[in-house]
Amino acid sequence: MTGTTTDHEELATRAGRELEEATPQEILRWAADTFGQRFCVTSSMEDAVVAHLASSVFPGVDVVFLDTGYHFPETIGTRDAVAATMRVNVITLTPTLTVAEQDAEYGPQLHDRDPDQCCALRKVEPLNRGLGGYDAWATGLRRDESPTRANTPVVAWDARRRKVKLAPIARWTQEDVDAYVNANGVLLNPLLWEGYTSIGCSPLSCTRKPGEGEDGRAGRWSGSGKTECGIHL
Ligand code: SF4
């Protein structure tokens with residue numbers, strides 16, 4: 001589809017209303033029909049649920065992965081397994097600076113001293129650059145993940161990037177995800193079997209296993225007050 005950003009903003013607002021009760025497949029079908037190749041899915045490779053859903057309605061869909069240089073080996077392995085076994089086109093985005101170059105410029109372990117700046121350099125900027133060729137992108141955000149995600153719309157206007165942003169499984173619960181994974185044999189990051197419930201970068205200050213009774217994202221930037229990397233703000 002071609003159109004102005006005003007067209008897309010109106011489209012997103014209307015779709016957010018009309019698709020609120022739709023299934024993830026229906027939401028993704030709408031995006032594929034509306035945007036074609038200018039639509040992509042982003043994945044942290046915690047699991048391949050949204051990539052699997054998208055490939056079922058749009059085989060060959062672009063799946064965008066941000067390689068921050070700080071990932072667990074299991075996450076890179078999940079990315080490679082997705083690329084090798086699923087009908088998707090995995091695209092890996094990388095930051096402008098390598099970890100060594102960032103250490104030289106900003107000092108070592110920026111993630112411990114200023115995680116907002118580290119995420120801005122290693123996640124937000126590369127994603128914004130990588131999404132340049134798309135009009136719409138889908139994420140795996142869910143309302144039940146944390147209080148900060150409780151109002152996530154299924155389709156909305158991403159004003160910061162001037163793109164349509166989808167959260168096709170926003171209404172799903174963890175039980176819905178588990179049922180879909182089990183029914184379809186969807187690839188999962190093996191760290192999920194080790195007690196991690198939200199998997200980001202490997203420094204302990206960025207990802208730890210949650211404690212008893214904590215919400216699923218409690219182990220992200222634990223103790224810093226930071227709850228999001230900046231991509232979804
Ligand atoms: S999650 Fe941690 S290591 Fe990864 S980009 Fe953000 S601060 Fe840096």
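Indexing begins at 1, ligand by ligand and atom by atom, following the structure's order.
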Original post:
In ligand 1, which numbered atoms sit nearer than 4.0 Å to a non-hydrogen atom of Pro115?
Top reply: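 In order of numbering, the contacting atoms are 7 (S).
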
Original post:
What atoms in ligand 1 come closer than 4.0 Å to a heavy atom of Arg122?
Top reply: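 So the answer, numbered in order with elements, is 5 (S).
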
Original post:
Can you tell me which residue and heavy atom of the protein come closest to atom 2 (Fe) of ligand 1, and the distance to 0.1 Å?
Top reply: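 Residue, atom and distance for the closest contact: Cys206 SG, 2.3 Å.
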
Subject >> atom 4 (Fe) of ligand 1 [closest protein heavy-atom partner, distance rounded to 0.1 Å] >> reply: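 Minimum-distance protein heavy atom for atom 4 (Fe) of ligand 1 reads Cys201 SG, 2.3 Å.
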
Original post:
When rounded to the nearest 0.5 angstrom, what distance separates CG in Asn151 from CZ in Arg149?
Top reply: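 Reported to 0.5 Å precision, the distance equals 13.0 Å.
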
**OP:** Rounded to the nearest 0.5 Å, what's the gap from CD on Gln109 to OH on Tyr70? Could you check?
**Re:**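 Reported value, rounded in 0.5 Å steps: 7.0 Å.
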
Subject >> salt_bridge(Arg143, Glu20) N-O dist < 4.0 Å >> reply: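 Answer for the salt bridge query: yes.
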
Original post:
Just heavy atoms, cut-off under 4.0 Å: does Cys119 contact ligand 1 by side chain, backbone, both, or neither?
Top reply: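 Both of them.
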
**OP:** Return the orientation label for the Tyr180 and Trp172 ring planes: parallel under 30°, perpendicular over 60°, tilted otherwise.
**Re:**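 Tyr180 vs Trp172 ring planes: tilted.
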
Subject >> Residue of the set Asn189, Thr92, Asp67 for which side-chain hydrogen bond (donor to acceptor under 3.5 Å, both in side chains) holds with Arg79 >> reply: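 Among the candidates, only Thr92 passes.
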
Original post:
Within the stated cut-off of 2.8 Å, is an N/O/S atom of Cys118 closer than that to atom 6 (Fe) of ligand 1?
Top reply: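 Coordinating: no.
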
